[in-house]
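Reviewing the structure listed below.
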Amino acid sequence: MEIYTTCSQKVLSGVPTTLSLTLWSVVLALVLGILLSFGVLSRLVPVRVFFSVICSFLKGIPILIFLYAFHTAIDSIMGGLDNMFGFYTYDIRKPPTYIFAVFALALSYAPYMCDMITSAMHTIPKGQWEACDAAGFTGWQKMSRIIIPQCIVIAIPNFGNHFVNLLKASSLSCMVTIMEMMGEARNYATMSQKFLECYIVCALWYWFIFVVFEQAFRVIEKRTGRYLQPGIPVLKRKRRRFHMAEQQRGILEEAK
Amino acid sequence: MPESEFMLSIKNVYKHFGDNNVLNGVNIDVKKGEVVVILGPSGSGKTTMLRCINFLERANEGSITVGNYTVTAKEKNKKKIRNLRRRTAMVFQQYNLFRNRTAVENVMEGLVVVKKMNREEARKKAEDALKDVGLLEKKDFYPSQLSGGQQQRVGIARALVMEPDVLLFDEPTSALDPELVGEVLECIRTVARTGITMMIVTHEIAFAREAATRVIFMEGGVVVEDGTSEEVIDHPKTERTQEFLARINA
């Protein structure tokens with residue numbers, strides 16, 4: 001029994017690293033995905049082809065290869081940058097493995113983010129664009145007020161999937177010496193020689209975190225997608241307050 | 001004749017999709033306050049013509065004048081096209097309400113975004129417009145929570161609140177079931193009485209007969225017949241119009 005509690009403690013000490021690793025790589029993947037989607041949705045055919053090829057290239061490579069490749073290249077990249085800008089401060093004994101792991105995870109998920117964005121774009125009915133055009137919106141007004149808000153709502157379930165997938169994929173980064181949940185579990189497993197127990201404990205904790213995020217995304221999905229569901233509207237608190245103010249104003253004017 | 005006498009002038013508009021010539025030189029001048037109903041069989045270019053007016057479809061040749069603002073079909077400047085669009089408003093066949101906005105927000109949207117009105121003022125104006133179409137109690141409903149007829153009435157309020165020079169209706173009742181057509185037509189009729197210039201593409205002959213001050217029959221991308229509803233619907237001159245009306249009335 002003791003082995004389970006100790007292992008749990010070890011694994012939990014890796015949770016912050018796992019979460020921050022996931023969060024940063026999701027953010028970076030999203031940024032890269034947005035950039036890629038600009039290319040993929042471009043009107044110019046060569047640009048579109050170029051970015052589609054990049055997407056398929058990134059998609060076709062296992063995450064572990066990204067991690068190993070970046071890990072191997074750390075010294076030469078960092079050393080090169082160091083020399084180029086003349087800092088001469090790079091310490092070869094402390095390579096920034098964490099940042100490179102974030103980049104590796106982000107790069108492998110960027111094309112999925114890009115797909116998520118482009119498919120969300122394509123599901124917006126043509127009529128929504130036309131209604132904006134007919135009213136005389138500028139391109140920016142159209143995107144920022146109507147199209148992108150709708151895209152976000154459509155993309156949220158997909159985004160949730162990618163998020164939890166990335167959360168699980170972040171366990172691979174234990175292969176490049178990052179001590180997140182899986183890394184801690186492996187470490188303790190070799191120390192205690194109880195491999196199976198450690199892996200099971202680690203798996204259960206992963207499952208727990210997964211459930212938390214899955215439920216969170218389910219709630220977000222429901223709340224943001226409210227306008228797509230038929231039925232009686234649930235007034236937002238903000239709007240109810242507005243009505244109160246409106247009524248009070250009416251009473252005030254009557255009193256006058 | 002001075003140009004400003006007409007609220008809307010469509011001059012010599014040609015449009016083709018690939019090899020398919022949809023519009024072959026359409027010329028229509030509409031005076032202020034006229035309610036023009038455009039009839040014609042499917043594929044006669046009615047809708048395309050309407051969409052060319054606000055450049056949702058770009059004509060290949062010709063020019064569009066709304067009020068005294070002329071834009072030619074070759075215009076590249078987006079701002080000029082936008083200015084033209086802001087002088088018109090459109091009611092769509094599929095309503096095309098902004099799905100992420102409630103009814104009142106849909107009506108407000110143009111006022112806030114295009115006319116730069118402040119939100120409180122716009123909301124008040126939008127609520128008035130919704131009252132006019134009889135949907136004030138539904139103002140906080142999202143489009144998905146409204147029936148087709150209600151959505152279309154919100155669409156009409158949204159177009160009306162912009163106070164356009166010309167109001168364009170693209171088959172406003174074609175997507176509705178027969179029971180809901182009535183409420184929308186009634187709504188359009190009320191709007192027509194306010195004296196706003198309107199152009200309506202529709203298949204509702206009975207509606208055309210009573211509400212239109214002018215009826216245009218299109219076929220093969222040209223205007224075949226043009227006159228009052230009596231002239232065109234009751235006493236059509238060309239054979240093609242007679243044939244079309246006979247089939248619809250049967």
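So you know, we letter chains A, B, ... as the sequences are listed, proteins then strands, and number each from 1. Values reported hereafter were calculated over all heavy atoms of this structure, with side chains retained and with hydrogens, waters and symmetry mates removed.
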Relative to chain A, which segment of [X] carries a heavy atom at a distance below 4.5 Å: side chain, backbone, both, or neither?
X	answer
B:Phe92	side chain
B:Val114	side chain
B:Asn54	side chain
B:Leu97	backbone

*Mind checking whether B:Val13 and B:Met49 have side chains closer than 4.5 Å, heavy atoms only?*
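A side-chain contact under 4.5 Å is absent here.
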
*Less than 4.5 Å apart, any side-chain heavy atom of B:Lys80 and any of B:Thr72?*
no

*In terms of heavy-atom pairs under 4.5 Å with chain A, which of B:Arg82, B:Arg99, B:Arg86, B:Glu109 leads?*
B:Arg99

_Below 4.5 Å, heavy-atom pairs only: which of B:Gln94, B:Met90, B:Arg101 has the largest tally toward chain A?_
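Heavy-atom pairs under 4.5 Å are most numerous for B:Arg101.
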
*Among A:Thr224, A:Thr138, A:Ile124, which residue forms the greatest number of heavy-atom pairs with chain B at distances under 4.5 Å?*
A:Thr138

_Heavy-atom cut-off 4.5 Å, strictly under: side chain, backbone, both or neither for A:Gln141 against chain B?_
side chain

_Please identify which of these residues, B:Lys125, B:Arg87, B:Arg158, meets the salt bridge (charged side-chain N to carboxylate O under 4.0 Å, His left out) condition with B:Glu163._
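That would be B:Lys125; it is the only one of B:Lys125, B:Arg87, B:Arg158 passing the salt bridge (charged side-chain N to carboxylate O under 4.0 Å, His left out) with B:Glu163.
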
*asked:* Using a 6.0 Å cut-off, check whether atom NZ of B:Lys78 has over 12 heavy atoms from anything other than its own residue.
replied: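 No, NZ of B:Lys78 has 12 or fewer neighbouring heavy atoms, counting only those of other groups under 6.0 Å.
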
*Aromatic plane relationship, A:Phe217 with A:Phe159 - under 30° parallel, 30 to 60° tilted, over 60° perpendicular*: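 Correct class here is perpendicular.
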
_Do the side chains of B:Lys46 and B:Asp170 get close enough for a salt bridge, i.e. N-O under 4.0 angstrom?_
no

